[in-house]
Structures are given as structure tokens and as C-alpha cells.
Amino acid sequence: MGTSKSILASLTSEKAKWMYRKMVEIREFEEMVHDIFAKGELPGFVHLYAGEEAVAVGVCAHLTDQDSITSTHRGHGHCIAKGCDLDGMMAEIYGKSTGLCKGKGGSMHIADIEKGMLGANGIVGGGFPLAVGAGLTAKVKKTDHVAVCFFGDGANNHGTFHEGINMAAIWNLPVIFVAENNGYGEASTFEYASSCTNIADRAAGYNIPGEIVDGKDLLAVYEAAERAVKRARNGEGPTLIECKTYRDYGHFEGDAQTYKNDKEKVEQRDHNDCIKRFKDYALANNLATKEDLDAIEDSVKKAIEHSVKFGEESPLPDASELTKDVYVSYE
Amino acid sequence: MGTSKSILASLTSEKAKWMYRKMVEIREFEEMVHDIFAKGELPGFVHLYAGEEAVAVGVCAHLTDQDSITSTHRGHGHCIAKGCDLDGMMAEIYGKSTGLCKGKGGSMHIADIEKGMLGANGIVGGGFPLAVGAGLTAKVKKTDHVAVCFFGDGANNHGTFHEGINMAAIWNLPVIFVAENNGYGEASTFEYASSCTNIADRAAGYNIPGEIVDGKDLLAVYEAAERAVKRARNGEGPTLIECKTYRDYGHFEGDAQTYKNDKEKVEQRDHNDCIKRFKDYALANNLATKEDLDAIEDSVKKAIEHSVKFGEESPLPDASELTKDVYVSYE
Amino acid sequence: MTKKLTFSKAINEAITLAMNKDNDVILIGEDVAGGAEVDHLQDQEAWGGVMGVTQGIVEKFGRNRVIDTPIAEAGYIGASVTAAATGLRPIAELMFNDFIGSCLDEVMNQGAKLRYMFGGKARVPLTIRTMHGAGYRAAAQHSQSLYALFTHIPGLKVVVPSTPYDAKGLLLSSIFDDDPVIFFEDKTLYTMKGEVDEGFYTIPIGKADIKRKGKDLTIVAIGKQVHTALKAANQLSKKGYEAEIVDPRSLSPLDEDTILDSVAKTGRLIIVDEAYPRCNVATDISAMVVDKGFDYLDAPIKMITAPHSPVPFSPSLEDLYLPNPEKIMAAFAEMIGDNSIASK
Amino acid sequence: MTKKLTFSKAINEAITLAMNKDNDVILIGEDVAGGAEVDHLQDQEAWGGVMGVTQGIVEKFGRNRVIDTPIAEAGYIGASVTAAATGLRPIAELMFNDFIGSCLDEVMNQGAKLRYMFGGKARVPLTIRTMHGAGYRAAAQHSQSLYALFTHIPGLKVVVPSTPYDAKGLLLSSIFDDDPVIFFEDKTLYTMKGEVDEGFYTIPIGKADIKRKGKDLTIVAIGKQVHTALKAANQLSKKGYEAEIVDPRSLSPLDEDTILDSVAKTGRLIIVDEAYPRCNVATDISAMVVDKGFDYLDAPIKMITAPHSPVPFSPSLEDLYLPNPEKIMAAFAEMIGDNSIASK
Ligand SMILES: Cc1ncc(C[n+]2csc(CCOP(=O)(O)OP(=O)(O)O)c2C)c(N)n1
Ligand SMILES: Cc1ncc(C[n+]2csc(CCOP(=O)(O)OP(=O)(O)O)c2C)c(N)n1
Ligand SMILES: [Mg+2]
Ligand SMILES: [Mg+2]
């Protein structure tokens, strides 16, 4: 698995089990959303994170609620890794009043600022400046909080990538830019849309470290993120981490995925699953027992089922909510 | 002067004199604008190109009227190098009906599309996508025309830099990005605002060639541009050329320039003048005689004086012009 | 000869006809072909846009003229402006009108002003197609109807069709217009079917269409809201009132005469615009009628719009957010002081 | 205690007071300090913005709180949105409002909608100061008055002061408001002097001010156009007509009551808005008055605006472009059918 000894040393069994749990939560959550969307029970656009769990979890493992993340249209995984409540998430996706955003945001705007989750974003590239803003607050207020910007390979060609990273670099902000290079932006491949060979290659143009990791290897992500977070907290500035990964589902639910090649699908989805890989590793290295992991899986399944019931049964928002929350100061 | 032999071979006396003339035209034009602005005779914002002549001229020496350039707020030099009429330019800056844009554009929007000069631009970074568009036309229509995007060190941090260069790179467009790194964007230094050491360093992130040249050395610019234009016409894609240069005046007329350091001002303006440097070179290498150059200087002075008279004496636009030219199809 | 087509297919057909007619017409945008340079992908399987509207076009015209772009709206919309000024006639797709936030400069400061700033020496024959509209459960950043922003800006033309027939004819006019046109497509209308003429035809930009004749009330409705207005009109008809429905079809330029003539006849005006209420097209039309047709008015002009709030995700809230026939009926009831109408 | 201050100094003073009062207030923008990290540059010599409005502030508060940015409007305006949401109270300067083209997304889709999309769980106490207005010979991309675009967008507040006194009090309110506020400064007003109270005071956002009392005509005028209206009112007074001038000061929220009360009294309304004519604030106010105060009106509402065209560079054209007292007089003359007014 190519993971260095130093990680093994710092990685507690507790952390390993937390990470396993979070990955399974994401997977089960997304599979469930996939199913209920297919049944026509969910409104709107839904983009699933399944397959990329190691990225969100490996990074968020180093963060506290005071640290911020900015997410993307594919935001469920980031939410879960950052500790958002599953019931609140599912209710949000159902558009219910008990949702994290009272049903007003939905899948594309799911957020929980108390957990430092600054929102999924319907705008590709929207997160770069927003992460920089959280980093700026940390710098001006002299806290040791960090901000993480998750973004896709498609977003890497948006102007905000450039503006955000340049600002973080010149101000030496505690911001970590985490590329989720899953090979596609909608139906367009990374190779077609991006002139760089790797996203991390662009880091040199900002004089910041750029690292490439196997995004299917939880511990590789975990380790790179550990270094980057440490640098950020020490006032050593931003890092760009490129995680090579794959999305198991289409761009959004309903996508026929004609652009994907079958071999790659099988290879990635069936033979390079990040959860399976970590499970094998954890067992082989005595980070957890089979019973531990089974128990986690069980408990997660129940939690997800609970969230669906909660989402389904929760009330729709009251009509009065329509024009509430537009302003703080008046309705 | 560090200019290679190969250039000397290809550079005719005629071209050398043309370039000398264009540089002197720019200088004299700008000195004149400086003077009449100081007298309060010119309206609006004016940004002078004096000091940077070698860049516009060294690049445009390789272009025809069918090739396009996009310019900046500091656009007079690009206009002149691209062959725009001096009378029409001066009249434009005066806001007269005989101006290149009938007085509607002014200094910041001076343009002559028949000469392939796609406009000065009041929006920093505005030129990147526009140059790409001209390059796209060339590609789709399979002509051998090229497009040049002049931009400043300040613009190099705008999102359009990133989007424009990436697009030119993936489509292999005939676009040349020419950075005029004069060390400042308004009062902010390049070092402060940019995380890169050189603008050209960013080229690697787009897998295109990036070159640094002494922007005060006309022939260095000329040579680099020759290579880039050749590549572009041959379908070998975009190039980024960074010209290290200096603006002799302030950001705009009226700027006290407290941020500039005096030593640098003297060094650059008095001891590193691009016109003087090329003059010495041309004489030493028998590209022109002293008489030739004197005659050029004389003739340019007269042309500039003529342009002022033309500008002053031309009529203001007719009131009916106010709402004309908004649309092609109706007023 | 006519045939039944969906709104989506009508647009596809217009693009195809335009590209057949003129080699300078190109189609450019994010995944407008879909899956560029994917080895195994046959062009006929390519996406054709996120909603499949341009499906099949790359197969016919090839990737030199149907160009997938990176996710870089400022980049490719800006490029389309000068591509237009230097000899092409681009159809650029801005996937959702909400994404204008990433490229307003290119539209407002470059494309719209180029000709004027250049003293009339340039033309920008650019069409920007873009999706708008609420009702798709697409939440705050994918549901706006931002045509007022574009109508505000001189130098742009703004077209909002409500039927497949209009969409096809107006898109062809837009493409062959020599000014920049923003062409709005309501995402909830794509599956709507309607009669469309065969072959090439155009509908002039700047000419409103009377979608229903009536004498008691004028309803000016924009885009999809034309259908809301038609429903209301049917119900009103049962109560004995005949509403005339004016579909402006183009907001800039606006066909003031057709609106004024209708109001002169009916004396009453309701404007239905699903956009945000402040500085929107409803206020624009109201102010125009007050300025130029004050004496025609027997009652205050009423505007049915969204509330001053972002578009909510929750279906129940989104349904409340949008105009509907009941709101129109209630406004008319108030206008003529007849409560029996509103209560149905 | 009052003193005479320029509009520019009034703004400078408001920023200084706010930064003294609250350490979370920061000032961020292009050259708002001016000359960051230039060795020899003393802070007191630093630019303080392209027009010198923020001169001296970096000297008082240091570069940790007065932050020069790269030319990256999307970047630093977006950063200001979340800086606000995570504990700061930024004053971000968007040098010219025309540059909104580079950062509309951050304002419209992020800043304005964050709170709503998050179900009320976030606040964005952000103030964006920005220059607007024609008359400076700054041409098409530096002379616009784009407040209608912002007024259209729910979630934003929009403030346009016309005097030094209002500028100071409204800027202080804006900075300490918990919602995002766009604060417009007319570049041609910076040198205007006026009485300003000493020390800290606020003027409520959403409260119009009657700049002149009158009974024959209501003129609602925005920003600098308040002064155009005052000039017209003086001339009208000589002809025996007293105009009441309402300065809305904030466009969103709009003080509808003050406008309606005035129109109820005068029966006549002229709106002076130098912005583009379509979907602008003039149409917005006209439509509001027609909706809510139709019966007060004795005559059509007239709007004095720019023509539907970009701002021309040439001084002679720009002068024609802008509203002026003569245009107001002519509108009133037409309104009451008294030609002797217009001809002076
Ligand atoms: C500014 C903007 N442009 C376009 C879109 C439409 N869009 C949504 S997701 C997406 C692809 C994003 O690709 P990537 O960044 O690689 O993320 P992934 O979907 O692969 O996770 C696009 C084009 C958008 N939402 N915002
Ligand atoms: C989008 C945008 N932001 C800010 C400005 C204001 N502005 C005009 S010129 C300039 C500095 C440009 O610096 P640089 O690109 O280095 O060009 P230079 O002036 O040095 O030639 C700035 C900030 C602008 N015109 N457009
Ligand atoms: Mg991707
Ligand atoms: Mg510079």
C-alpha cells in the first residue's frame, strides 16, 4: 500500500476506526441517496461522492470544528467527513424543515457553519475565494485555524483557482487546496480540459508546495494532509494536494456516462475501492478487528436508515419560511 | 547588448528604421500627451506607455493588419506599433468626432479593428479571453493569423489570465501572451502582488513555452516574438513572453509615485532607455545612419505636432452620435 | 408544413439549420458536444449539453465547429465576443444564466460596449444561449431568471421565448442578428411540445406576440409565465372576463406599441414576471406604460413576481415562490373589486 | 458640533471611527493602503486608494487590518464574504462599480445568498464600497451607475449617499449592519464639501431624507442627481412651483412610505436616476408608486435617466448623456402643460 512507517506510528486505532466509520457513512449515505433518487423521491440535481471517500476523510481527520472547509456541488462527502449530522443532511436533501439549512439549500447548498462546513456550492470554482476568506480571518485574528478548499479537476481551470491560490500564497494563509481529480468535469476529461499534466504542477507558479497522492489510498491522503495542516498551523502558508481519484457514479444522478470507459469503471470501482483498501490495511496492521469494523458497518447502516426515515417523516417548511433568512435585520 | 547573430542576419535596415520610427512615435506621442494633460486640456484618465516602447514595437514588428492584438488601459503604444493613425489617435484622446472611435472611446478604449487593434481595455485582464477569441477565429477558419495579448504584471493575477492561457493551450491556438512586467500594478509591486518569481514561470502550469526577455532591449523582444509568432503560425500553439520593463511615468497622469524608488527611476529612465539602446545598436551595426535617425526624429516630431493640431481643431461629435452605434440594427 | 416538436428539439433544429446555412456559425460551451477527445465515445453518444439540448449537433458538424470548453465562463464567453468581432458567428452556451456571475464583465463591459466604444466600427454577432427559471428544484444558484440584468445593459438584445415555435424562429433571428443577443431558455419548458414550422424561418426580435385575445384585461407575461397567464385567462373566461395575453418575446428591444395598444383597449394591466421583484422587467413595463399610456389606465398596474428572496430548494417553498394562476386571479379580483373571482 | 468636510474625508472618517471601535473591522482592496511592502515608503505617503479616499488609514491601523490585494476582484471580494461569515467585519473596496463584472458571482451567488441557503445560520456583515457615476470623462467602463443590478438581487442592501453628512452616517450604519451592503460613492462628489457631525453617528439604512420641502411636485433623485434636482427646484421656485425632493439614500430596502407620502401631497412625480433607463431604479420606484399610490397621481410619472447607451467618452456627449436641471424642468412643463417653464 506504500504508506510510510511514520503514519502507522501516529495513527491510533481510534482514529483509524473513526475514519473507517466516516468512509462507510459516506458510501452508505450515497448509495441510499442513489436508490431513493432512482425511485423519484428526491427533487433536484444530486451529485454523488461515492468512490472519493478517502479524500474527504483523510483530510478532515486533521480538522476541528473551528477549522473551515469549502465544498463543491458534490458535497455530501465533505459534510459527513466534517461531522455534519446525518439526519439533518438527509432531511435537507428531502427539502424538509429539519434539514441542516431548513430545507432551503438542498443537496447543492448543504452547509453547517457551526461545524466549519462553509457550504456545498453550486458554482464550480466558487470555493477558492471562500476558503481564502476563512484563512484570512485566521490570519487577522491570529488563531491557528486552517481552511481547506476541496475542488474538482474541472474547477482547476476556473479563474478563481488562480486568484484564490495566488492570494493565499502572497499572504501566506493557512489554506489547503485539495484537488479531487476524478478525471472528469461532467463529460469532459481532465486531459482535454486542462493544459497541465497534473493539477499539482500548477503549484510551482505560486511558489507553494504541490503534492500528488493516490486519492484512493486513505493513508496517503491522511499523511499529505497532516503535513499540509501542520505547515498551515505553523504559519508556513498554503499547500496544494492533488488526489487522483474516481467517481463511481455519473456526474449527476441520471447521467448515462457514455463518456466513461468500461474497463476503467471496473478497475476503479471494483478493484480499487478506497474503503476496501483501507479495511484490508487496518486489519493487517491491527488497527481494528473484523468485529470492530463489522460493528461500524452495522451501526452506519442503521444510522442511514434512520436518516431516511427522519427525512421522509419530517415536515415541509412552513410557508412563512419563504421570505425569512434573506436578511438578518428584517424580513 | 546580448542579441544573437541570427537576428542581425534577418533584420533588414528597413525594418530597423521602421521600428525606430515606431518607438520614437510612441515616445513623442506620450510626452506630448503628458504635456497637454498637465495643462488641463485632456479629459479623463490617461496612462502613458513611455519607457516600454520596445515591447509593443518588438512584437508588432512581426504582425500584419490581419493579425490581432488586445491591449490594456496603457494602450497608446500598442496602437502606434500596430499602425494606427496618429491624428485619429490624438483626436480620440481629445474626444473629437475625427477620433479613431469618433471620440466615444477615449484613451482607455482606443481601437482600430481594421488594423487588428482590438482595443485598449479599461478592465485589467480583459484582454486574455479577447485574444483567445481572435485566435479561435484563426483556428476555425484555418487562416494563419495570430493574436497577441499584451498584459501587465498586475493583470497576471487576474482569473482571466488563467482561463485564457489554459484555453489557448488546450486548443493549441495561435495566441502570444506578452507580459509587460514593469514592476508595478498601480502602487503595488509585482513582488508583493504575485506569488510567482517570474510571470514566465507560470507557463509550465499550462505546458506552454515561457520566456523571459529584457523588455528594454528591442531586439531581444523582437527575437523572442519572432520565434513565438512562427510557432503560432505553424500551428504549434501559444507562447508566453515576459518582458521585464519599466514605466517612466506614474500609473496615470497625476500620480505622485511615492512608491517608486528614486534610484530605480534614474537607472531605468535615464540609463536604460530602450530607444537610446536601440539607437546605439543600430548605428554601431550599420542598420541606419545618424542622418536616417535624425530624419525620423524630425519627421515624427512634425507628425505629433500635426496630430495635436488635428485633435484640437477637430469638431466635437454631433449630439446625434450619443445614441448611435449602440446596435447595428437600430438606434 | 408544421410538426410537433419539443422546445428542446426546436432549439436543436434552429442551431442545425443555422450551422448548415453559414459555416461561420459555431457552437461553443461546456459539454455542448460532450466528451471531447474521449477515444471510444462515438459522436452520436456525446452528451450534447447537460440537458441534451444540443445532442447530435457535433455528429453533423464536427469538433472544429462544436467546441467543448473548460469550466471557464469568462474565458470562453470573452473569446466568443472577439470570435464574433473577427469573423465568426458564435452561439455560446452559458449553461445556467446564474453563471453570469463568472463572466458579467465579458458580456457587459466587452461584448455589449465594443461597438459603441469603437465608434461603430465593430460588430459582435454573438448569441448567448442560457437556461433560466425556477420550478426544477435546482435551488438558489440554478433557478434564477436574470433577464432584467441584461435588459438593463445597453448594447445587448434579450430574447425570452415561451413556445417551441417562438424558440426556433427567434433563435434563428438571434444567430443571424449582428448584435449580441442573450437567448433565455426555461429549463422547465424543454419537454413542452408545440407546433413548429418545417425548415428555416425567423421571427423578428422586438415584436411581441398576442397569445390570446381579450378585452377586459391585459396580461403581459414573460417566458414560461405566458402559460401561467393562459391558465388564469381560461379560468377568468369562465367568470366572464376575457384577458388579452401579450408575450413580449424580446425584452430588449421591447415592443412598446403592442403592449400600449392592448392596454388602450382593456384599461387594465397585470404583468407576470417570475424574476425578483425589484428593478425587474415587470417594473420596467409598468413604468413604460405609466409614462406613455397613463390615460389608458382604469386601475393600478399589478405585478406578479417572485418575492424579494433567493429561490428556495424545498419544493413546497418553491411552489409558493413562483407566480401561479391563483395569484393572477387574486390581483384581478382586487383590481375590479370582485372577490368572487379570487375565491374561484 | 459639526464641521465642514469633503465627501471623501467624511468617508475616511467613518472608516477610521469604525476601525477604532471594532477590531474586527478590516479594510481590503486594491491599493487601499497603497504600496504594500515597498521598503522606503512611509505609511503616511501610501496612496490610500486610487482617489486617495482611504489615505492615512494604514498609518493608523497597520497592514494587518488594511490589506492591499492583487487585481483579483473575484478573489478578494469572495474572500471578504467568508471573512465576514467567520468573524471579521470587512470593508471591501471594489474600486469602480463597473468591475462587478469580475466578481458578480461572489456578490450575487455567494454573499447575497449565503444566509438564505444556510437556513439563516450565517451572517455576512460585509460592506462593499464602490465608485460610480458619469461626468468624470472616464468613459464606458468606468462611469456606470450599476445600483439597479444590486437592487435586483435579494440579500443585498444598497446605499447611495448624496452628501458628506449622509455618507458618513450611512457608511457607519453599513459597516455595523449584519447584512451585506453595497455602498456607492459618486466619484464626482468626492470634493464636495458639507457639514458633518463630529464623532460617531449613524443614519438608518432604509430611511429616505427629504432634501427640500415642496407641495407641487415630488422629485425622487438618486445620489449626485439630488443636486441636479435641487438646482431644478430652485429654478422652479422662481416660476412659482415648489418641488419636494426625496433622497431615498438606500435603494434596498427602499423607504416606500416617504415617497408615497410625498406623492400623496404633490400628486406629481419625477424620478431622476442617471443609470441606464431599462429596469433601473426609476422604473422600480415608478412601478411601486403606481401599485401603491395610483390614486395620488394627477399626471404620468416622468423619469429622467441616461439614454439606452453606454457612457460616451467625449465630454460633449457625456454632458448630453447625464440628467440636468433643464431636462427636469422640461418634464415638469410637459406634466402641467406650461411651456413657459421649459423655455426658462
Ligand atoms: C461556474 C460554473 N460553471 C459550470 C457549472 C456546471 N457544472 C457543475 S459541476 C461541473 C463539473 C465539475 O467538474 P469537477 O470540478 O471536476 O468536479 P466533479 O463533478 O468531477 O466532482 C460543471 C461544469 C457550474 N455549476 N458552475
Ligand atoms: C478589473 C480591474 N480591476 C482594477 C482596475 C484598476 N486598475 C487599472 S490599471 C491597474 C493596474 C494594472 O497593473 P498592470 O497590469 O501591471 O499594468 P500597468 O499599469 O503596470 O501597465 C488597476 C488596478 C481595472 N481597471 N480593472
Ligand atoms: Mg472532476
Ligand atoms: Mg505593471
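Chain letters run A, B, ... following the sequence lines, proteins first, then strands; residues in each count from 1.
For chain A, the option among B:A204, B:A169, B:S194 with the highest count of heavy-atom pairs below 4.5 Å is B:S194. Contact count against chain B (heavy-atom pairs under 4.5 Å) is highest for A:T197 among A:T197, A:I199, A:T160, A:I165.
Remark: the backbone N or O of B:G159 is not paired with any side-chain donor or acceptor of A:H158 at under 3.5 angstrom.
Within the 4.5 Å cutoff, the side chain of B:R202 has heavy atoms near those of the A:N166 side chain.
B:M167 CE to A:N157 CG: the interatomic distance, rounded to the nearest 0.5 Å, is 10.0 Å. Atom CD1 of B:I208 is separated from atom SG of A:C196 by 12.5 Å, given to the nearest 0.5 angstrom.
Contacts of A:Y192 with chain B are made by both backbone and side-chain atoms, with heavy-atom separations under 4.5 Å. Only the backbone of A:A193 has a heavy atom closer than 4.5 Å to any heavy atom of chain B.
More than 12 heavy atoms of other residues, nucleotides or ligands lie within 6.0 Å of NZ in B:K265, so this atom counts as buried by the packing criterion.
Checking B:S195 against A:N207 by side-chain atom types alone, no donor-acceptor pair falls below 3.5 Å.
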